[in-house]
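All remarks here apply to the structure that follows.
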Amino acid sequence: MADQPLKAHFVADPIELPDGRRVRVSAYPDGSIRFRVDGLPYVLTEAYLSGNPEKDKAIVKLSPGKQGSNAAYNYVEELEKRNQR
């Protein structure tokens, strides 16, 4: 039998961003953290995940695909589809 996914032991209330997207953070017993964000696609544009743990913080920055990435076209195309409905 495959390992069952860990159940989150903490799920924060969703944070609504000014443009209506929502962000939710979950924490798991193994110490992992999960970020769930509406409004795909996103591109990982910044990540600091190691360093001096006594003075550094982990930072993860996601940007909408429209930030000049290969996802830019998909992001704009998806917005246009939504607006045509």
Side-chain angles (χ1 to χ4, degrees):
M1 185 164 115
D3 291 338
Q4 296 296 316
L6 287 175
K7 183 175 180 178
H9 67 243
F10 173 79
V11 178
D13 290 335
I15 300 167
E16 187 161 339
L17 303 176
D19 64 2
R21 291 176 298 143
R22 295 173 72 137
V23 178
R24 180 176 291 169
V25 179
S26 303
Y28 295 86
D30 67 355
S32 61
I33 302 167
R34 180 178 187 221
F35 302 92
R36 180 177 169 181
V37 186
D38 296 344
L40 298 175
Y42 283 95
V43 176
L44 180 62
T45 55
E46 182 178 15
Y48 297 102
L49 302 174
S50 62
N52 181 344
E54 294 189 17
K55 69 174 190 169
D56 293 334
K57 309 279 189 243
I59 299 170
V60 176
K61 180 179 179 184
L62 299 175
S63 297
K66 66 181 178 181
Q67 298 293 320
S69 70
N70 288 335
Y73 177 76
N74 294 336
Y75 179 81
V76 171
E77 185 178 65
E78 181 60 29
L79 288 179
E80 288 173 354
K81 285 180 189 174
R82 289 180 195 173
N83 289 335
Q84 291 175 358
R85 292 181 191 166

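The shown structure was predicted, so the numbers you read here are calculated from the model rather than taken from an experiment.
Linking Ile, Leu, Val, Met, Phe, Trp and Tyr whenever their side-chain heavy atoms come within less than 4.5 Å leaves I15 and V11 in two separate clusters. Residues L49 and L44 share a hydrophobic cluster, clusters being chains of Ile/Leu/Val/Met/Phe/Trp/Tyr side chains in contact below 4.5 Å.
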Side-chain polar contacts of residues 25-35 - donor-acceptor pairs under 3.5 angstrom, sequence neighbours left out - could you list them?
residue : atom : partner : partner atom : Å
D30     : OD1  : S32     : N            : 2.9
D30     : OD1  : S32     : OG           : 2.6

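Nearest heavy atoms, P14 versus R24: CG-NH2, 3.0 Å. Contact between S50 and D56 at its shortest, heavy atoms only, is O-OD2, 4.5 Å.
For E54, the side chain to side chain contact (heavy atoms under 4.5 Å, CB included) test picks out N52, with sequence neighbours left out.
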